[in-house]
Every structure is written in C-alpha cells, then in structure tokens.
2 protein chains.
Amino acid sequence: MTQANSAPAKRNTPQKAAVKHALGEATGFVSAQQLHQTLKKHGSTIGLATVYRTLADLAQAGEADSLQSKDAEVLYRACTTSHHHHLICRKCGLTLEIEAQNLEKWADQVATEHGFSQPSHNIDIFGVCAGCR
Amino acid sequence: MTQANSAPAKRNTPQKAAVKHALGEATGFVSAQQLHQTLKKHGSTIGLATVYRTLADLAQAGEADSLQSKDAEVLYRACTTSHHHHLICRKCGLTLEIEAQNLEKWADQVATEHGFSQPSHNIDIFGVCAGCR
DNA sequence: CTCTTATTGACAAAGATTCTCAATAAGACA
DNA sequence: TGTCTTATTGAGAATCTTTGTCAATAAGAG
C-alpha cells in the first residue's frame, strides 16, 4: 500500500538529532540563529536552513514550543507534549512550565460563548525572576 | 520650564491622524504593510516608515494593541486603553475584546509565587467564528 | 511672520526566514 | 550486501518585514 496521498516518509538524520539535542540543552527559549551558532561552535557543519526546517517540524509535532520575541524573531524551546504555558524571565530567559486546568476550561468556554469553534489559545506570563533582581 | 530632559515634544500631523483613522476603520488586526497599502489606495502619499513609526507610538501609548502573527509580522488594532484580551477568528480576523478580572489576578499570582516581579502577560484566544463556518 | 526642530518620505540597510537546486545519504528491497 | 528511489541537506540567492539615514518639510511657539 502506498502512502495516503501526499505526506512523504520522514527520515532520521544526524542533523535532526543534533538540533533536537541542542534544543534540549538550552535553558530557555532560543532562536534558530542562536541554535545554529551553538551547533557550529561544537563542530557541526549543519546548515542554517536545516535548523529552521527541523525546528518547524518539531514545533508542528508538538515536541517544541514556539514564541514570538519582541524583535520579530521566533524562539523555540523543547517541551513536554502535554499542554502547558510558560512563565518567562524578561532578563535571563529562564522559563518555567505552568499548568492551569481552570484556564483551559475558561478559554474554551469564552470561545464557545461567543460562537467560536475549534478554540485554542496563547498564554504566556512574563516577569523578572528572583535571580535577576 | 524646559522639557524634563530627553523626551522631545510631540507634534500633530495629518499623517498620524490618517494612520489612526485607518486603524480605526479596520475590523480586526492589520499589519503595517496592509495599512500602508490601504492609505495609498485612498490617495495618501504617506511613507511606509511613517506608518511603522506611528503604529509603534500608538502601541506604546496604549492606543493600539499589537500581536505577532505566524508569519513573523506584527499586527496592530485600535483598542480601548484599559487592559483587556482578545478572541480572534483564525479565518476572517474578526476580533472581540475580552475582560477577565480573575485572569489578571491569577497571572500576577503565579508570577509572584515563583519569585517573579514586574509581572505582565500575553493572553489571546483563537477560534473560528460563527460566520466562518 | 520667523525660527527652531520634530516629522516626513524615499531609499538604503539590517535581519530573519524561505526558496532553489545540485549533491548526498536514509531506508527499502532484491 | 549492493542497488535504487527520493527525502534531506547545505550553500547561497531571494523575499519580506522592520529599522536607520538624511535632506526637505512643516508644526507650533514667540
């Protein structure tokens, strides 16, 4: 039997593994550019485009969270696959995962009340962590 | 008495008024590029840089909300100056303002509990509105 | 009306992200 | 294991958004 109709088969490559690993090592959110620099510093010859492609795949697969920074760049972070939100330090980027069952319900409810279907939401809390004061 | 020390005096110009007005006319979130197109279509000779500058000013003054789209561009929308959040249609961009006193408290509390000061947050709900189904 | 200087518009410049395409190598199968 | 198909890669070009530069303009004060 052939593939459904359009999605091509994925392949495992050392480059993907390297990006995944580097993302896991990072303490907070990092940009594709930063990740590329880090990888090259460690001797990798990976291409920038590959980093972008891999991060986009990871985000789509739910293995990474993405976030838009103030400078119009996208930041990524490895995460658990379960739904959660973030508490992020504005200075050092330290990130904590937050769970909020009530919020999920509230958000879906607000959407439904106003006739919106397929609800989703973005919730991020920012602040300055204890260590940065 | 002279101005405090650094902030220069603001001046009222037809260009700023035009951007403000165009932003008010828009139904949902729009990008600086879109707004510039719209203005030119209506005969204005306003420059793109001026649109960017004016929108940034409005956002800082709390007269407009900004939002990062998926395509790494910033979207703006005229809004009330009081704090609020948005319920946005993924298809047509229709936007409703949402108030949630409890949320504000919750967000600040979560930040404080984890030792974060100067809390702020981004909360947006997305969905598909009744008209788009 | 005059004078100071904030603002403007056209263009260049900076960044981030995506696209293109020939070369490479993962995975399937004999 | 060797061969074959084609997903993936890397380098650079191309695109797009946003910011900076700077001479010319015009808002607001006196």
Side-chain angles (χ1 to χ4, degrees), chain A residues 1-23 29-61 64 66-77, chain B residues 1-23 29-61 63-77:
Chain A
M1 131 190 155
T2 52
Q3 279 289 334
N5 55 7
S6 59
K10 292 283 180 189
R11 291 179 183 175
N12 294 322
T13 66
Q15 287 86 348
K16 284 180 186 168
V19 171
K20 243 179 181 172
H21 180 258
L23 191 63
F29 280 86
V30 283
S31 69
Q33 306 272 354
Q34 288 169 351
L35 223 44
H36 183 229
Q37 289 304 319
T38 303
L39 286 164
K40 291 188 78 171
K41 201 169 297 173
H42 287 315
S44 172
T45 61
I46 193 170
L48 178 58
T50 301
V51 176
Y52 272 100
R53 285 185 287 235
T54 305
L55 285 175
D57 285 349
L58 288 175
Q60 184 135 39
S66 64
L67 175 71
Q68 306 277 349
S69 84
K70 289 295 174 196
D71 313 331
E73 62 182 358
V74 183
L75 303 182
Y76 293 90
R77 178 170 184 277
Chain B
M1 121 184 166
T2 50
Q3 279 289 336
N5 55 7
S6 59
K10 292 285 181 189
R11 290 178 183 174
N12 294 322
T13 66
Q15 287 87 348
K16 284 180 185 169
V19 171
K20 244 177 179 171
H21 180 258
L23 192 61
F29 281 85
V30 283
S31 68
Q33 305 274 354
Q34 287 169 351
L35 223 45
H36 183 229
Q37 289 303 319
T38 303
L39 286 165
K40 291 189 77 170
K41 202 171 296 174
H42 287 317
S44 171
T45 61
I46 193 170
L48 177 59
T50 301
V51 177
Y52 272 100
R53 285 185 287 238
T54 306
L55 286 174
D57 285 349
L58 288 175
Q60 183 136 41
E63 295 183 57
D65 274 322
S66 64
L67 175 70
Q68 305 278 349
S69 83
K70 290 295 175 196
D71 313 331
E73 63 181 0
V74 183
L75 304 181
Y76 291 91
R77 177 169 184 277

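Naming: A, B, ... by sequence-line order, numbering from 1 per chain.
An end-to-end axis angle of 40° holds for the helix from C/dC1-D/dG30 to C/dA30-D/dT1, taken from five base pairs per end and rounded to 10°.
Distance alone, capped at 3.5 Å, is enough to place a donor-acceptor pair between the B/K16 side chain and the B/R11 backbone.
Side-chain contact between A/K40 and A/H36: present, with at least one pair of heavy atoms (C-beta onward) separated by less than 4.5 Å. No side-chain heavy atom of A/V19 sits under 4.5 Å from any side-chain heavy atom of A/T50. Side-chain contact between A/K20 and A/L58 is present, with heavy atoms from C-beta onward closer than 4.5 Å. Contact of the A/L67 side chain with the A/R77 side chain is not registered, since no non-hydrogen atoms from C-beta on lie closer than 4.5 Å.
For the residue pair A/A18 and A/L39, the shortest heavy atom distance occurs at O-CD2, 3.8 Å. Nearest approach of A/F29 to A/Q34, heavy atoms of both residues: O-OE1, 4.3 Å.
The distance between atom CD of A/Q37 and atom C1' of C/dA16, rounded to the nearest whole Å, is 13 Å. In this structure, the CD atom of B/Q33 is 18 Å from the P atom of C/dA16, given to the nearest Å.
Here the straight-line distance linking atom NE2 of B/H42 with atom NE2 of B/H21 works out to 9.0 Å at 0.5 Å rounding.
Non-hydrogen atoms lying under 4.0 Å from DNA chain C are contributed by A/L48, A/A49, A/Y52, A/R53, all within residues 44-53 of chain A.
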Quick test: give all pairs of protein nitrogen or oxygen and nucleotides 26-30 of chain C nitrogen or oxygen below 3.5 Å, distance rounded to 0.1 Å.
from: C/dA26; atom 1: O3'; to: A/N12; atom 2: O; distance (Å): 3.3
from: C/dA26; atom 1: N3; to: A/R11; atom 2: NH1; distance (Å): 3.2
from: C/dG27; atom 1: OP1; to: A/N12; atom 2: N; distance (Å): 3.0

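The salt bridge (Lys or Arg N to Asp or Glu O under 4.0 Å) contacts involving residues 42-58 of chain A comprise A/K10-A/D57, where partners must be two or more places apart or lie in separate chains.
The side chain to side chain contact (heavy atoms under 4.5 Å, CB included) test with B/L35 singles out one residue from B/V51, B/L75, B/I46, B/L48, and that residue is B/V51.
Put simply, chain B comes within 4.0 Å of DNA chain D, heavy atom to any atom, from D/dT17 to D/dG28, going 5' to 3'.
Shown here are the side-chain contact (heavy atoms from CB on, under 4.5 Å) partners of B/V74, two or more places apart in sequence or in another chain: B/S66, B/Q68, B/Y76.
Looking at which nucleotide of DNA chain D each of B/E73 and A/T54 is closest to, the 5′-most match is held by A/T54.
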